[in-house]
There are 2 protein chains.
Amino acid sequence: MDYQDHKDKQFPQLPQKRYFAIGEVSILCKVKPHVLRYWEQEFPNLSPNTRRGNRRYYQQEEILLIRKIRELLYDEGYTIQGAKQKLQNKQFVKDVTSQEQIQKAQAELPLGDTDLTNAEPIANLKNQLQDILSILKK
Amino acid sequence: MDYQDHKDKQFPQLPQKRYFAIGEVSILCKVKPHVLRYWEQEFPNLSPNTRRGNRRYYQQEEILLIRKIRELLYDEGYTIQGAKQKLQNKQFVKDVTSQEQIQKAQAELPLGDTDLTNAEPIANLKNQLQDILSILKK
DNA sequence: GTGAGTTCGAATCTCACCGTTCCGACCAAA
DNA sequence: TTTGGTCGGAACGGTGAGATTCGAACTCAC
């Protein structure tokens with residue numbers, strides 16, 4: 001059973017059905033069942049339907065979320081805290097439309113992966129850039 | 001001693017000197033000395049600190065790297081492995097990430113992984129930084 | 001030079017994170 | 001009715017990421 005091989009980044013294709021049992025999800029996402037239960041404690045938005053006698057019935061959305069979490073944890077090297085935070089930020093970003101400065105910076109900045117969606121103070125970034133410039137001026 | 005408060009994302013500005021002792025770096029980066037020594041084992045590119053008689057003398061670039069690592073670990077929630085991988089990916093983006101994932105990431109995050117700090121000629125980078133600064137000065 | 005303060009490496013310790021294992025009991029479909 | 005998947009909870013484990021401690025070596029202002 002090598003469905004947990006971290007290097008194989010291909011997931012099986014999702015069958016066209018509405019609900020999936022935890023064992024199926026385990027195979028489809030390459031995450032063991034007990035880990036799925038554990039993640040459920042850690043990621044509040046990952047709560048499968050459990051009506052019908054305490055069993056989990058996952059929907060397609062949830063499978064995609066699990067795959068995303070898996071990528072963050074196993075491939076990209078986030079901690080669970082970090083992954084949680086990142087997923088929340090993403091939702092946050094969707095909602096916010098008024099931060100013109102940030103959007104502008106995002107549009108124009110060719111700067112690495114300094115994630116301005118975290119709303120990190122611009123001033124701090126500026127200091128860093130000045131430090132960098134002072135090095136480059138040598 | 002609150003220089004380790006994770007929520008304070010402001011770093012002190014770098015004094016204009018060439019070499020820094022580990023204690024200074026500790027304050028400038030808000031990372032304790034023993035942690036700096038520990039990171040040195042974990043991040044190979046953080047080893048080139050010139051020693052004179054077994055002492056670490058950090059240069060400005062190393063300080064920036066330490067700050068970057070600190071951000072990845074403490075703010076963004078990467079593991080050390082993840083941070084290491086992310087720093088290395090900057091040199092080998094093509095090998096590690098599939099084209100699909102790159103496109104997906106870019107669709108989600110306008111800033112993407114376009115970290116030019118290692119890949120582009122210094123002069124080019126300098127121009128970009130000046131563009132950035134002019135944006136920030138508005 | 002002297003003494004106070006830094007820094008050294010290595011060893012040891014801690015503790016939270018991220019699962020793993022085990023469990024008897026429950027459920028569902030063949 | 002059997003068989004195999006699933007349940008939750010508690011106990012356990014390993015290792016990641018520092019923290020602490022140590023005596024010795026170094027630095028530098030005086």
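Letters go in sequence order (proteins before strands), and every chain restarts at 1.
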### Task
Could you say whether A/Ala21 or B/Glu42 is positioned toward the 5' end of DNA chain D, judged by the nucleotide with the nearest heavy atom to each?
A/Ala21
### Main-chain N/O of A/Gly77 paired to B/Thr79 side chain as donor or acceptor, under 3.5 Å
yes
#### Entry: A/His34 side chain near C/dT20 phosphate (N/O to OP1/OP2, under 4.0 Å)
yes
### Message
Below the 4.0 Å mark, does D/dC7 have OP1 or OP2 next to a side-chain nitrogen or oxygen of A/Arg37?
### Response
yes
### Message
Taking the basic N atoms (NZ, or NE/NH1/NH2) and the acidic carboxylate oxygens, is any pair closer than 4.0 Å for A/Glu76 and B/Lys86?
### Response
no
## Note on the structure
B/Ile22 atom CD1 is separated from C/dG9 atom C1', nearest whole Å, by 11 Å
### Message
So, does A/Tyr74 get its side chain near the phosphate of C/dG19, meaning an N or O under 4.0 Å from OP1 or OP2?
### Response
yes
## Note on the structure
Atom CG of B/Asn54 and atom C1' of C/dT6 are separated, to the nearest Å, by 14 Å
### Summary
Rounded to whole Å, OH of B/Tyr58 lies from P of C/dT7 at a distance of 10 Å
### Task
Starting at atom CZ of B/Arg56, determine the distance to atom C1' of D/dC26, rounded to an integer number of angstrom.
13 Å
#### Entry: Earlier contact from the 5' end, DNA chain C, for A/Tyr78 and B/Glu24
B/Glu24
#### Entry: Atom of B/Tyr78, atom of B/Leu73 and distance for their closest heavy-atom approach
O-CD2, 3.4 Å
### Message
A side-chain contact here means heavy atoms from C-beta on lying under 4.5 Å apart; do A/Pro48 and A/Tyr19 qualify?
### Response
no
## Note on the structure
In whole angstroms, the gap separating P of D/dG18 from CG of B/Leu36 amounts to 11 Å
### Message
Rounded to whole Å, please give me the gap between CD1 in B/Ile69 and P in D/dG18.
### Response
11 Å
### Message
Please evaluate residues A/Arg67 and A/Ile63 with respect to the criterion side-chain contact (heavy atoms from CB on, under 4.5 Å), reporting the C-alpha separation (whole Å), side-chain torsions for both, the decisive distance (0.1 Å), and the verdict.
### Response
CA-CA 6 Å; A/Arg67 287 179 171 178; A/Ile63 292 182; 4.1 Å; yes
### Summary
A/Lys32 NZ to C/dC18 C1', in whole Å, measures 13 Å
#### Entry: Distance below 4.0 Å between A/Arg55 side-chain N/O and C/dA28 OP1 or OP2
no
### Message
With a 4.0 Å limit, can you tell me whether A/Trp39 has a side-chain N or O closer than that to the phosphate oxygens OP1/OP2 of C/dC18?
### Response
no
### Query
Which whole-number value in Å describes the distance from B/Tyr38 OH to D/dG16 C1'?
6 Å
